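As structure tokens, the structure follows; a few thoughts come after it.
Please read all numbers here as calculations on a predicted model, not as lab measurements. Counting convention: from 1, in listed order, for ligands and their atoms alike.
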Amino acid sequence: MGDVEKIVIIGSGPAGWTAAIYAARAMLDPVLLEGVPKQNGGYVLPGGQLMLTTEVENYPGYPEGIDGPKMMADFKKQAQRFDTRIEARDVVRCDFSTRPFTLETRNGSGDEKTVTAHAVIIASGATANWIGLDNERRLATSGGGVSACAVCDGALPVFRDQVLVVVGGGDTAMEEASYLTKFASKVYIVHRRDSLRASKVMQDRVLKNPKAQVIWNSVVTDVLGDEMISGVRLKDVETGLERDFECKGLFLAIGHTPATAFLEGSGIELDDKKYLKLTAAQRMNTSIEGVFAAGDVADSTYRQAVTAAGMGCQAALDAERWLAEQGK
Ligand code: NAP
């Protein structure tokens, strides 16, 4: 076991890198555990959800838009400029029951290392759920018209005045469908049952919108198209019949999974959907004093790069103050 670190940041999306920039500039000498590089169906991690995004148009400061992976590389460079120490390790287990905190980590070769820290910022993110079709993943990473975030991608020119499909029946699907009706010629919501999960008010907004229509009792069984999506194959779950349905965009809104599995048994409080619970208004504190959270791992509502970065900044400032109070 090495020396006790002042602060360790877990995660390498906008929240993690921003926390590192602030912590490093505050002379806290942070270590950022960015995760082991993984190639998963065309996705290259670490770097978070932005590694799956082609063009980011809504992050202020990039008037022409920027590629998601390029943006994450720039965030990393900025954190390195202030001497953040970066390690390509996954955290597999945490013990927050005693201080300093203990993090069991593993590198790409499976070598384990225990890292100890006075303060921890968890910024491990959440991943969008996908149906799991080959073409879905391929077209999502190549800018082929498949996305898991309408707010991020829906305004791109490629979707203007086109027929678009949203999959899901929850609040996110309703919100995304409503948003997309501003640009699309028509938005079809494909839902696997005959009633929506979304709240009544969100349902009503969509069901009353003449540009939106629900296709009930249906699932997407294939995504059609080579470079760009040309349609989806829909299966009626009641009759089993399949048909090809033309569309120029596919938006998945079938939930997110927060990256909190490594926190099981650590004693930290999660909510019923396994997101980290923030325990103080306007603060990034978790249920464990000295452990802070930032970004999508603690935010199932906004899930934007800019909000995650803001939370990263807040978490670093909260941690800095807390460490000072502890005389560390
Ligand atoms: P969600 O409530 O879990 O809904 C996911 C939807 O996707 C469900 O309709 C589900 O179908 C469907 N689904 C799941 N897996 C599927 C699959 N493999 N194939 C096809 N469909 C699948 O997730 P969410 O809509 O992202 O909402 C998450 C939380 O955020 C909720 O608590 C929600 O209220 C909240 N939220 C609130 C707002 C707001 O108030 N403005 C906006 C967005 C989200 P079933 O219904 O059949 O299970």
Compute the ring centroids of Phe96 and Phe101, then answer whether they are less than 6.0 Å apart. yes
Under 3.5 Å, sequence neighbours excluded: what are the donor-acceptor pairs made by side chains of residues 13-20?
unit_1	atom_1	unit_2	atom_2	d
Trp17	NE1	Ser12	O	2.8
Thr18	OG1	Pro14	O	2.6

Using a 4.5 Å side-chain heavy-atom cut-off and chaining through intermediate ILVMFWY residues, the residues clustered with Leu317 come out as Tyr22
Heavy-atom contacts under 4.0 Å to ligand 1, chain-then-number order, include exactly Gly168, Gly169, Gly170, Asp171, Thr172, Glu175, His191, Arg192, Arg193, Arg197, Met202, Ala253, Ile254, Gly255, Lys273
Distance col, row Asp236:CG vs Leu241:CG, nearest 0.5 angstrom, shows 6.5 Å
Inspect the contact between Lys113 and Glu104 and indicate whether a charged nitrogen and a carboxylate oxygen are less than 4.0 angstrom apart. no
So disulfide bond (SG atoms under 2.5 Å apart) across residues 88-151, not counting sequence neighbours, yields Cys149-Cys152
